[in-house]
Structure formats: C-alpha cells, structure tokens
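What follows is one structure encoded as structure tokens, with my remarks underneath.
Index from 1, following the sequence. Indexing begins at 1, ligand by ligand and atom by atom, following the structure's order.
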Amino acid sequence: MELQPLLVLGLPSIFPAFETLNSHKYIFLKAFSSKLPLLQFLATKNVAPSSIRAILCDPRQALTVDILGLLPAVGFVLTTTAGMDHIDLSECRRRGIQVVSIGSLAADDVADMAIGLLIDVLYKISANNRRVRKCVASKPLNFTMAPKLGGKRVGIIGLGSIGGEVGKRLEAFDCKVMYHSRNEKPFVPYHYYSNVVDLATNCDALVVCCPLTKQTRHILNREVMLALGKDGVIVNVGRGPLIDEKELVHCLVQGEIGGAGLDVFENEPRVPNELFALDNVVLSPHAGAHTKESCQVKCELVAASLEAFFATKPRISVQPVIEERHFYPSFECLPASSGEPAYA
Ligand SMILES: O=CC(=O)O
C-alpha cells in the first residue's frame, strides 16, 4: 500500500502512540518537531506541498489561512480535540475542506477534571498536601475548615456535552445546578440564565466549559467575577481566553473572588506567575481531555476516519462542497451553514 503523507501540526495527545500504530500507512510530517517554516520543513522531507491531502492538528499550533494557502490539495482536517478554535473554520469552509473533531468523546474526562478542580479548590487538597509535606512530625497539623460542596449553587457556562456531564456529576453531590448558554435548552431541569452576570450573582461557583468563539472570548470578565463575589470559585476546563486572565489574576490577588481551578490559560503554555503563590488556586496543564482510555479510543477513531478519507478519490476541485454530516464514522462534523461552532 502506498504511504500517504499526513501533516501533523501541534502535538496531538494521541502521539506517539498513533504514529507507532500507523507508521505502515502514513508518512508522518511532524511539523511540530521543527522550527523551520512549513515549506522549508516539507522540502527537508522531499514532500511536495501539493501532495498533502490531510492534516492532523492540535490547539498547540493554529491552522491559519496562511498555512492552508500553502497546501492546495488539502481536503480533510482532523483535530483530536473537542475545541476547534485553533482552526480557521471559515477558510476551511471556503475551500471545501471537511473538518472533523473528536467531538464529545472525552466529555466525561473533562467533566471529571472540572469536578476534581472544584473539590480541590474548596477542600484545599493540593494546598494542604504541600503544607503537610513541610510539617515537622512533632507539631500538630492544623487546617482551616472547608466549605462543603454539597448544597452549593454551581453555574455551568456552556451546557454542551461537557457541561451536561458536569451537571450530572454535580447533581450527585446534591449541588443546585444552573446554567448559561446561548439558548435555553428544552427538557433540562436546571435553571437557565440568559445573562452571565445574573448567573454569577446567584452562584457559589462557576464552571466554564463552552467553546471559544468571537462571542465567548472573555465571557468571564471583571463584572462577572465581581458578581460571583469574594467566596466564589471559578473552574475553567474550556479554553483560557474564555476568561479575562489579567482580571482573574487581579481578583484572586485582591481577594475579590474565592479561588480558581484552571486547566487552561489565556496564553498557553504561559501561566501567570502571580498564581503560583496562591493556595486558593489549583493549576493543571490542559490535561482534562487526556486519559489513557480516551486516548486509545481517539487513536482508533482517527485511524478509521483517515482511512475512510483516503479511500475516496482525490479531490479535483477546490469549490466549496456541502459537507456530509455522517460520512466519517462516529465524529461530529461542522454544521454546513455557520462560520464558527455555536457554543452549546
Ligand atoms: O482541550 C481539549 C479539547 O478541546 O478536547
């Protein structure tokens, strides 16, 4: 079988496992491992840009209009993440490129991370762990009492697949769940707020899990943080820029909010230094969606999806096409009509 060139941007979490399993099918062009501009990098591999038909990408490197402009034959873009904010979706649509994401596959993992962060911030598990390790054995261990999670009012921003899983888990803790999303959901028992400030005013904690779009950038701004108040906790498992990070740091340092559990940051991999000294902040390296189990399933789905794509004839036109929602197995495809994914 002829090996297909596959351009890999960013460092998808399924690497290197996916590479090991599929090296008999693809020439992996690992642009993430090179500092060269793309065309030079491809030249070092003796690969013509026009021979690349598929891209596997990850938020660590944006798939921009400039990159797409260098690769005239690309017909398929696959991301191993639920978020697609690193992909220029309008340009893909304009070029008739099919974009496929892993969708809700790891929603339960991300929801677990959100609950873990919330519990850690409230019960100060990480902070106490650091203190206990430093304690002298002969001295009594002291601690401050934690606010109980049960009974808390928790607002979910973005009630899509991840938000729904977060809600399920919070219910099990006897929390009062409420939410904000672009539209009120029928058949959802949680109280809906069309306005994030109103949601924050009525909550003890906010969990942010909506996709990053032009509309949701800085959806958590200073006004929302002040409405949440000095005991309020923010958990972000969505994307860093959903929160105005400068204001978040300011509010945390000034004690204007109670704490934060963050799996994502506005300028990853940079984490604001001020956060390191704060015991009411728990930090995680954008690891929410990446359990061993989901990685294995992602590997299988990515392999099946690429195989289905390469089994079709090469594209002979770059005119926009109507995307077929269920052409590739088990993935969520982009809606054909809009420029950016709606946040749930
Ligand atoms: O960040 C991870 C994802 O979007 O799946």
query = Between the side chain of Asn129 and the main-chain N/O of Ile125, is any donor-acceptor distance below 3.5 Å?
reply = no
query = Which ligand 1 atoms are under 4.0 Å away from a heavy-atom of His286?
reply = 1 (O), 2 (C)
ask   = Met178 and Tyr192: side-chain contact (heavy atoms from CB on, under 4.5 Å), yes or no, with the steps?
value = CA-CA 6 Å; Met178 44 199 83; Tyr192 170 69; over 6 Å; no
request  = May I ask you to list the atoms of ligand 1 that are less than 4.0 angstrom from any heavy atom of Ala82?
outcome  = 3 (C), 4 (O), 5 (O)
query = At the 4.0 Å heavy-atom cut-off, does Arg239 count as touching ligand 1?
reply = yes
Student check: side-chain heavy atoms of Leu38 and Leu7 closer than 4.5 Å = yes
query = Any N or O on Gly83 sitting closer than 3.5 Å to an N or O of ligand 1?
reply = yes
task = Taking only Lys NZ, Arg NE, NH1 and NH2, and the carboxylate oxygens of Asp or Glu, determine whether Asp279 and Arg130 approach each other closer than 4.0 Å.
result = yes
